[in-house]
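Residue numbers start at 1 and run along the sequence shown.
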Amino acid sequence: MRYFFVTLVMTVSFFSASSQTSVPVTRVKKVKTLKMARDKDIDPMPGTRGASVAWHPVFKKYYAAMAGNIGYPLCIFDAAGKRVSPDSLNCEVDVRGLWYNADKKTIQGNSFDAGGWFRYDHDTKGMIREVQYLTEEMTQPNAQSVGAANSLSKQIMFLHQGEIWFYSMEEPVKGATLTIHWGRTKADGMDPEQTDPVTPSAYNSTTVIYTGIKRAELGFLKPESYEIELYDVKTGFLTRSVKLPADAPMNASFNFAYANGMYWLFNIETREWSGYK
């Protein structure tokens, strides 16, 4: 009887898994590293978790921030990944998301909770001069929301309880929402058992990335399986999967970004952002 029960469970599990329509899988490898400033064992304000990475296509520089405190480091890197900012450069904002505003040609972002949105003003070489607040109120769905930008539609997106909330980039007002059909393609259709939107525990809970890839614009990190699932921004259905190397750093929150055509993952121990392509 025990043998029959195990066999039945395995058979049911097999058919349940195979009922999901397969999608194209792309394998990526590490191509770039951004080493954050400060030593976590020596410096009093090093930060622990990576907030985000943004690329400025005019200055040809990466901007990477730590999440959690205005005194944590903000680092600027050249196109090769060499840090060009001093150890003393701070975020000056409790950063969560970072993005490039193509119209304003500036790096912008959102902060913790009701801290609002901000922009970094640069000099002619892309170095930070000061911070300017664009809003000073709750312009995101929850305290830990990590914003990502779609410059074409001029929208900022946030992941919240299984949905994507869209805000206008120019006027930070909430617009439409999109329900994500986790792990399901358009051929699979909606999950008949799903009632209220929720982000499954298998996915990074704070962060959505915007890739700009047609019909695979939205990306979500799935740490347990070392993959990034890509979804159609119009339908919320799964269309592609990105397979990460077995040594890629996996985190259930934060530490995940997309910039300059690369998927970025932060290693808390080594304090490095790794870019995969």
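Using a 4.5 Å heavy-atom threshold, the side chains of L89 and I76 count as touching. M138 places a side-chain heavy atom less than 4.5 Å from the side chain of D113. N110 places none of its side-chain heavy atoms less than 4.5 Å from the side chain of I156. Looking only at side-chain heavy atoms (C-beta outward), R240 and V25 stay at 4.5 Å or farther from each other. The shortest distance between side-chain heavy atoms of R271 and P73 falls below 4.5 Å. Between M66 and R38 there is no side-chain heavy-atom pair separated by less than 4.5 Å. Counting heavy atoms from C-beta on, the side chains of M250 and L244 come closer than 4.5 Å. Inter-residue side-chain proximity for Q108 and N101 is flagged as met; some heavy-atom pair is nearer than 4.5 Å.
Residues H122 and Y63 place their aromatic rings such that the two centres sit under 6.0 Å apart. Taking the six-membered ring where the residue is Trp, the centroids of F220 and W182 are separated by under 6.0 Å. No close placement of the W273 and F77 rings is indicated, their centers lying 6.0 Å or farther apart. Here W99 and W55 keep their ring centres 6.0 angstrom or further from each other. A centroid separation of less than 6.0 Å is found between the aromatic rings of Y258 and Y263.
With a 6.0 Å radius and a threshold of 12 heavy atoms from other residues, nucleotides or ligands, K104 has its NZ atom at or below the threshold. Heavy atoms from other residues, nucleotides or ligands lying under 6.0 Å from NZ of K186 number 12 at most. Few gaps surround CZ on R83; more than 12 heavy atoms of other groups in view lie less than 6.0 Å from it. For NZ of K277, the number of neighbouring non-hydrogen atoms (other residues, nucleotides, ligands) closer than 6.0 Å is 12 at most.
Between A79 and K32, the shortest heavy-atom contact is O-NZ, 3.0 Å. A pairwise comparison of heavy atoms in L74 and Y120 identifies CD2-CZ, 3.7 Å as the closest pair. Summarising the geometry of K29 relative to P245, their closest heavy-atom pair is CA-CG, 4.3 Å, with the distance given to 0.1 Å. Closest of all the heavy-atom pairs between P223 and L221 is CD-O, 3.4 Å. For the pair T207 and F256, the tightest heavy-atom approach, listed with the atom from each and the gap, is CG2-O, 3.4 Å.
Donor-acceptor pairing under 3.5 Å is lacking for the side chains of Q144 and T206. Between the side chains of D232 and T239, no donor-acceptor pair of N or O atoms lies under 3.5 Å. Between the side chains of E163 and Q161, not a single donor N or O lies within less than 3.5 Å of an accepting N or O. Between the side chains of T135 and E137, no donor-acceptor pair of N or O atoms lies under 3.5 Å. Under the 3.5 Å distance criterion, with hydrogens and angles disregarded, no donor-acceptor pair is assigned to the side chains of E170 and S168.
Between E229 and K222, at least one side-chain N (NZ, or NE/NH1/NH2) sits under 4.0 Å from a carboxylate O, which counts as a salt bridge. Between D103 and K154 there is a salt bridge, with a side-chain nitrogen of the basic residue lying less than 4.0 Å from a carboxylate oxygen of the acidic one. For the pair R129 and D121, the salt-bridge criterion is not met [side-chain N within less than 4.0 Å of a carboxylate O].
A distance of 7.0 Å separates CG of D87 from CG of D43, quoted to the nearest 0.5 Å. Here the OG-CZ distance, from S52 to F266, works out to 12.0 Å after rounding to the nearest 0.5 Å. Note that the CZ atom of F158 and the CZ atom of R96 stand 12.0 Å from one another [nearest 0.5 Å]. The OG1 atom of T48 sits 9.5 Å away from the CD atom of E269 when rounded to the nearest 0.5 Å. Taking OH of Y226 as the start and CG of D247 as the end, the distance is 8.5 Å to the nearest 0.5 Å. Here the straight-line distance linking atom CZ of F118 with atom OG1 of T106 works out to 10.5 Å at 0.5 Å rounding.
Within the 3.5 Å criterion, the main-chain N or O of T185 finds a donor-acceptor partner in the side chain of D188. The backbone N or O of F166 sits nowhere less than 3.5 Å from a side-chain atom of T177 that would complete a donor-acceptor pair.
A cation-pi contact links K174 to W165, judged by a cut-off of 6.0 Å to the six-membered ring centre and 45° from its axis.
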